[in-house]
Asker: 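Attaching a single structure in C-alpha cells format; questions to follow.
Everything quoted here is computed from the prediction, not taken from an experiment. Counting begins at 1 with the first residue of the sequence. As a basis for the values below, the full set of heavy atoms in this structure was taken, side chains included, without hydrogen atoms, waters or symmetry mates.
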Amino acid sequence: MRLTQSYKGIIYRVFNSGSQDKVAYIILEDGSKLASFAKSVKKAGSRKAHGLEIGNLVNIKAITGSTLATLIEISVINDFSPWKKDLKSIALLQLICEVVDDFCYEENKDVELYKILYNTLLESREKKVLACAIFLIKLLNHSGVLPELDKSLATDEQLNSENVYSMPGEVGYVSDSTVKENSYYSNSDKVSSRIYKAQRYILENDFKMGIKLKLDPEEEIKLLRTHLEWLENTMSVKINSREILNSVL
C-alpha cells in the first residue's frame, strides 16, 4: 500500500538518475536512511531542485511503498550555508557526508549518528577542519571501534600526554616503554601532547565544548588526518573524497 508520509532529516547523498531525475539519501531524525526519488527535478523551474543539496536539513513529503520513496514536496529548514561558502568547506562537507553514507542503513535506527552529524553542521562556524576531526572521532567512539586512549594497545599500561606513541596502521597508542622493549613498535612516532590532550578532551565533552579548543591550523589538520586514517583502518573503507580534501588543506 502506497502512503504519503512526512519526514525530517539531513540529505547526505544526491546523484542523477537519467536526464531529468535525481535520487537523494536522507538520514532521518531517528538515524535511519530514506532513499527518495525526485522526478523531473532537473527541469527548469522545478521547485524541488534548490532543496536537493547535501548538507541540507529538510522537511519532505514522499509516497512510500516501493524501494524508493517518491519525493513530492521538499522545504529547507537549514542549508548550513557556512559549509558551502568555499572549496575547502565543501570538500569537508563531502567528506562528512561520504562517511555518513558508510554508517547509515535503511530500517536501522541510530539516533546518535544523526545527532553527531547535526551538531557538527550546526555548531561549527570557522573551525571546519576541527569540526570534521571531532565528527570522525566521536563517530568512531560511538561505533565501538575506538580503543581506550588512556591505555597502551600493547600492555594496558596507563598513558599520559608525555609518553604517547603511534604505530602506522594501528588505531590507538602505546607508551615509550613499549617502544623501547618491543621491536614491533620500533617505527612508532611520538605524539604531540597537545594532540593527545585534544583527543581526550573531545571524547570527554560535548561538541559545543570540543569546538572551543584552541589549536593552530597545522594541529587541526593533523588531528583530522589522524582520525581519518583511524576510520579507514578500523572500518576497512576507502574515503574517496580524501584526495580532494588533501588538495585544499
Asker: Working to the nearest 0.5 angstrom, can you tell me the gap between L52 CG and I26 CD1?
Answerer: 7.5 Å
Asker: Does S247 use its side chain to pair, donor to acceptor, with the backbone of I244 at less than 3.5 Å?
Answerer: yes
Asker: Any salt bridge between K151 and D156, counting N to O under 4.0 Å?
Answerer: no
Asker: Less than 4.5 Å apart, side chain to side chain, heavy atoms only: is that true for L159 and D150?
Answerer: no
Asker: Give me the other members of the hydrophobic cluster that Y105 sits in, counting Ile, Leu, Val, Met, Phe, Trp and Tyr linked by side-chain heavy atoms under 4.5 Å, directly or via other members.
Answerer: none
Asker: Within this structure, what is the NZ-CG distance for the pair K127 and L215, rounded to the nearest 0.5 Å?
Answerer: 7.5 Å
Asker: Could you check whether any side-chain heavy atom of C132 comes within less than 4.5 Å of a side-chain heavy atom of L95, counting everything from C-beta outward?
Answerer: yes
Asker: How about OH on Y118, more than 12 heavy atoms from neighbouring residues, nucleotides or ligands closer than 6.0 Å, or not?
Answerer: no
Asker: Which pair of non-hydrogen atoms, one from L149 and one from R200, has the smallest distance, and what is that distance?
Answerer: CB-CD, 4.0 Å
Asker: Taking CD in E243 as the centre, count heavy atoms belonging to other residues, nucleotides or ligands within less than 6.0 Å. Is the count above 12?
Answerer: no
Asker: List the steps, then state whether salt bridge (Lys or Arg N to Asp or Glu O under 4.0 Å) holds for E162 with K197.
Answerer: CA-CA 10 Å; E162 302 303 322; K197 288 178 180 178; 5.0 Å; no
Asker: Suppose the criterion is salt bridge (charged side-chain N to carboxylate O under 4.0 Å, His left out): which pairs have a residue in residues 164-181, not counting sequence neighbours?
Answerer: none
Asker: Say whether F80 and I54 are linked into one hydrophobic cluster, either directly or through other cluster members, by side-chain heavy-atom distances under 4.5 angstrom.
Answerer: yes
Asker: Should the heavy atoms of other residues, nucleotides or ligands under 6.0 Å from NZ of K109 be counted, would the total exceed 12?
Answerer: no
Asker: Can you find a pair of side-chain heavy atoms, one from K39 and one from I72, that are under 4.5 Å apart?
Answerer: no
Asker: If every non-hydrogen atom of A91 is compared with every non-hydrogen atom of V248, which pair is closest and at what distance?
Answerer: CB-CG2, 4.0 Å
Asker: Do I63 and L3 have side chains that approach each other closer than 4.5 Å (heavy atoms only, starting at C-beta)?
Answerer: no
Asker: Quick check: closest heavy atoms across A62 and Y7, and the distance to 0.1 Å?
Answerer: CB-CE1, 4.3 Å
Asker: Given N119 and F135, is the side-chain contact (heavy atoms from CB on, under 4.5 Å) satisfied, shown in steps?
Answerer: CA-CA 9 Å; N119 288 333; F135 166 80; over 6 Å; no
Asker: The test is side-chain contact (heavy atoms from CB on, under 4.5 Å); show your working for L146 and L203 and say whether it passes.
Answerer: CA-CA 11 Å; L146 188 70; L203 292 172; 3.8 Å; yes
Asker: Using the side-chain hydrogen bond (donor to acceptor under 3.5 Å, both in side chains) rule, collect all pairs that involve residues 88-100, keeping only residues at least two apart or in two chains.
Answerer: D86-S89, E98-S241
Asker: Evaluate the side-chain contact (heavy atoms from CB on, under 4.5 Å) criterion for residues K222 and I195: first the C-alpha distance (whole Å), next the side-chain angles of each, then the deciding distance (0.1 Å), finally the verdict.
Answerer: CA-CA 8 Å; K222 175 63 177 177; I195 293 293; 4.1 Å; yes
Asker: For residues 24-34, pull every pair meeting side-chain hydrogen bond (donor to acceptor under 3.5 Å, both in side chains), keeping only residues two or more places apart or in separate chains.
Answerer: D30-S32
Asker: L122 versus N78: any side-chain heavy-atom pair under 4.5 Å?
Answerer: yes
Asker: Report whether L140 and Y114 are members of the same hydrophobic cluster (ILVMFWY, side-chain heavy atoms less than 4.5 Å apart, transitive linking).
Answerer: yes
Asker: Mind checking what makes ring-ring contact (aromatic ring centres under 6.0 Å, His included) contact with Y196, not counting sequence neighbours?
Answerer: Y173
Asker: Verify, without hydrogens or angle tests, whether N233 (side chain) and E229 (backbone) share a donor-acceptor contact under 3.5 angstrom.
Answerer: yes
Asker: Is there a side-chain contact between E53 and D79 in this structure, where contact means two heavy atoms from C-beta onward sitting under 4.5 Å apart?
Answerer: no
Asker: Using side chain to side chain donor-acceptor pair (under 3.5 Å) as the criterion, list what pairs up with E219, not counting sequence neighbours.
Answerer: R194
Asker: Verify the cluster assignment for V111 and I96: are they in a single hydrophobic cluster under the rule of side-chain heavy atoms below 4.5 Å apart?
Answerer: no
Asker: Would you please name every residue forming a side chain to side chain donor-acceptor pair (under 3.5 Å) with E106, sequence neighbours left out?
Answerer: none
Asker: Can you give me the closest heavy-atom contact between L224 and L136, atom names plus distance?
Answerer: CD1-CD1, 3.6 Å
Asker: Please identify each residue that fulfils side chain to side chain donor-acceptor pair (under 3.5 Å) with S175, with sequence neighbours left out.
Answerer: E157, S177, T178
Asker: Can you tell me how far the CG atom of L245 sits from the CG atom of L92, to the nearest 0.5 Å?
Answerer: 5.0 Å
Asker: Set out, in order, the CA-CA distance, both residues' side-chain angles and the distance that settles side-chain contact (heavy atoms from CB on, under 4.5 Å) for L117 and F103, then state yes or no.
Answerer: CA-CA 11 Å; L117 172 61; F103 282 82; over 6 Å; no
Asker: Are side-chain heavy atoms of P147 and V171 found at a separation under 4.5 Å?
Answerer: yes
Asker: Would you mind listing every side-chain hydrogen bond (donor to acceptor under 3.5 Å, both in side chains) that reaches into residues 205-216, with sequence neighbours excluded?
Answerer: none
Asker: Can you sort out the partners of W83 under ring-ring contact (aromatic ring centres under 6.0 Å, His included), two or more places apart, ordered by chain and number?
Answerer: none
Asker: Would you mind listing every ring-ring contact (aromatic ring centres under 6.0 Å, His included) that reaches into residues 137-165, with sequence neighbours excluded?
Answerer: none
Asker: Report yes or no: does K138 contribute a side-chain atom to a donor-acceptor pair with the main-chain N or O of I202 at less than 3.5 Å?
Answerer: yes
Asker: Return the minimal non-hydrogen interatomic distance between L68 and S36, and the atom names on each side.
Answerer: CD2-N, 4.4 Å
Asker: Say you draw a straight line from CG of L213 to CD of Q199; how long is it, rounded to the nearest 0.5 Å?
Answerer: 11.0 Å
Asker: Are W230 and L153 co-members of a hydrophobic cluster defined by side-chain heavy atoms under 4.5 Å apart?
Answerer: no
Asker: Which salt bridge (charged side-chain N to carboxylate O under 4.0 Å, His left out) pairs, counting each pair once, include a residue from residues 230-240, with sequence neighbours left out?
Answerer: E232-R242
Asker: Hey, could you give me the CD1/CG distance between I221 and L249, rounded to the nearest 0.5 Å?
Answerer: 5.0 Å
Asker: Tell me yes or no: between the side chains of K84 and N56, is some donor less than 3.5 Å from an acceptor?
Answerer: yes
Asker: To the nearest 0.5 Å, what is the distance between OG1 (T120) and CD1 (I116)?
Answerer: 7.5 Å
Asker: What closest approach, in Å, do S188 and V174 show between heavy atoms, and which atom pair accounts for it?
Answerer: OG-CG2, 4.4 Å
Asker: Same cluster or not: V23 versus I60, using hydrophobic residues (I, L, V, M, F, W, Y) connected whenever any side-chain heavy atoms lie under 4.5 Å apart?
Answerer: yes
Asker: Are L223 and H227 side-chain neighbours, meaning at least one heavy-atom pair lies under 4.5 Å?
Answerer: yes
